[in-house]
Amino acid sequence: MTIRTIGVVGAGTMGNGIAQVFAQAGYTVRLVDIAQPMLDRAALGIDKSLAKFVEKGKLTADARDAVLARLTFANALDYLAEVDFVVEAIVENAEVKRDLFGRLDALTRPDVILSSNTSSISITLLGAATRRPDKVLGMHFMNPVPLMTLVELIRGQSTSDESMQTAIGLCTALGKNGVEAADYPGFIANRILMPMLNEAFFAVMEGVGTPEAIDAVMKGGMNHPMGPLTLADFIGLDVCLAILNVLHEGLGDPKYRPCPLLRRMVAAGHLGRKSGRGFYTYA
Ligand SMILES: NC(=O)c1ccc[n+]([C@@H]2O[C@H](COP(=O)([O-])OP(=O)(O)OC[C@H]3O[C@@H](n4cnc5c(N)ncnc54)[C@H](O)[C@@H]3O)[C@@H](O)[C@H]2O)c1
């Protein structure tokens, strides 16, 4: 099957970037979310991001218009009935994702691959919610999607070689590098990243340093491009907490226990950049 139309579910931090890069690579993209305000916000975000590419001379104004013409939005899942490939990028919650995968399975053609952008949740578990577990895989894009070249590709217990090859081909078409990881909690990226971010949360909680000091040490001392607390705000503190919960529950090791300060901030609605307040405040 030739893949022409991509369905993206979830228009939050990741979904709008994923939709944008597929449209920039020449695919027709249908972006769906349950929340109309998120779709409106995604449309604005994509406009802004493309404008930056035009400003920098990396995209012509005509090419930008063509990208925008390939992108459409809807708040009903039925809009994805005719797509050739799906990327799911909704909230990091296994039950909500499993319910969606069941509905996508009923809605889309049986030969369509259903991929998830999950940061940590078992691809095997999502595949088991469908009648096509061989066509379910993880396609874990990095934030911000238009700039980051890595895609972690996760093979579930039943994912076929053919499905993996299709995903690798799509990464190449997007100009990105697909790296395969096995289906264990957090895969490679978050198995390694999240314990570091969690340690930075504990360091704030225990008064080891201010967020500014901790970020300055990791940037200047370790040559990280962004400090861990700035990065956590960028990812979304709710997303960090959801990932740490999956790591803690799935691996059983207390070293993944989410920091109580993180739990408290999420409970207060301080989710980082997207809510305007996290370890830092945003206009
Ligand atoms: N934020 C990051 O840096 C990052 C990086 C890589 C992967 N991820 C993963 O990507 C996924 C999305 O994360 P995000 O940060 O974009 O989240 P987000 O909270 O910014 O957006 C989630 C979106 O999903 C929508 N949604 C929720 N339930 C839905 C449903 N049933 N149907 C349709 N839409 C629904 C919400 O309205 C919201 O717009 C998660 O699995 C997350 O772990 C996030």
Can you measure from [atom1] ([X]) to [atom2] ([Y]) and round to the nearest 0.5 angstrom?
X: Leu262; Y: Phe202; atom1: CG; atom2: CZ; answer: 9.0 Å
X: Asp238; Y: Leu271; atom1: CG; atom2: CG; answer: 4.5 Å
X: Thr28; Y: Glu82; atom1: OG1; atom2: CD; answer: 13.0 Å
X: Leu114; Y: Met139; atom1: CG; atom2: CE; answer: 13.0 Å
X: Phe141; Y: Thr149; atom1: CZ; atom2: OG1; answer: 12.0 Å
X: Glu180; Y: Met164; atom1: CD; atom2: CE; answer: 3.5 Å

Any carboxylate oxygen within less than 4.0 angstrom of a Lys/Arg side-chain nitrogen, looking at [X] and [Y]?
X: Arg132; Y: Asp111; value: no
X: Asp233; Y: Arg277; value: no
X: Arg64; Y: Asp47; value: no

Mark yes or no for whether [X], through its side chain, and [Y], through its backbone, hold a donor-acceptor pair below 3.5 Å.
X: Lys135; Y: Ser163; answer: no
X: Thr166; Y: Glu162; answer: yes
X: Asn75; Y: Ala35; answer: no
X: Glu88; Y: Leu100; answer: no
X: Asn190; Y: Leu193; answer: no
X: Glu152; Y: Ile188; answer: yes
X: Ser49; Y: Ile46; answer: no
X: Lys97; Y: Ile90; answer: yes
X: Asn198; Y: Arg257; answer: yes
X: Asp134; Y: Ser160; answer: no

(request) Assess Arg30 against Tyr79: is NZ or CZ under 6.0 Å from the centre of the six-membered ring, and within 45 degrees of the ring's axis? (result) yes

(message) Does either side chain, that of Gln36 or that of Asp40, offer a donor lying less than 3.5 Å from an acceptor on the other one?
(response) yes

(message) Assess, by modelled atom type and distance only, whether the side chains of Asp183 and Ser122 contain a donor and an acceptor separated by less than 3.5 Å.
(response) yes

(request) Please report the shortest heavy-atom distance between Ala42 and Asn16, naming the atom on each side. (result) CB-CB, 3.5 Å

Counting only heavy atoms from other residues, nucleotides and ligands, does the tally under 6.0 Å from [atom1] of [X] exceed 12?
X: Tyr282; atom1: OH; result: yes
X: Arg41; atom1: CZ; result: no
X: Gln157; atom1: CD; result: no
X: Lys219; atom1: NZ; result: no

(message) Measuring centre to centre across the rings, with the benzene-like ring taken for any Trp, is Phe85 within less than 6.0 Å of Tyr27?
(response) no

(message) Would you say that Thr118 contacts Glu92 through its side chain, given a criterion of any heavy-atom pair below 4.5 Å between the two side chains?
(response) yes

(request) Decide yes or no for Val29 and Thr72: does some side-chain heavy atom of the first lie under 4.5 Å from some side-chain heavy atom of the second? (result) no

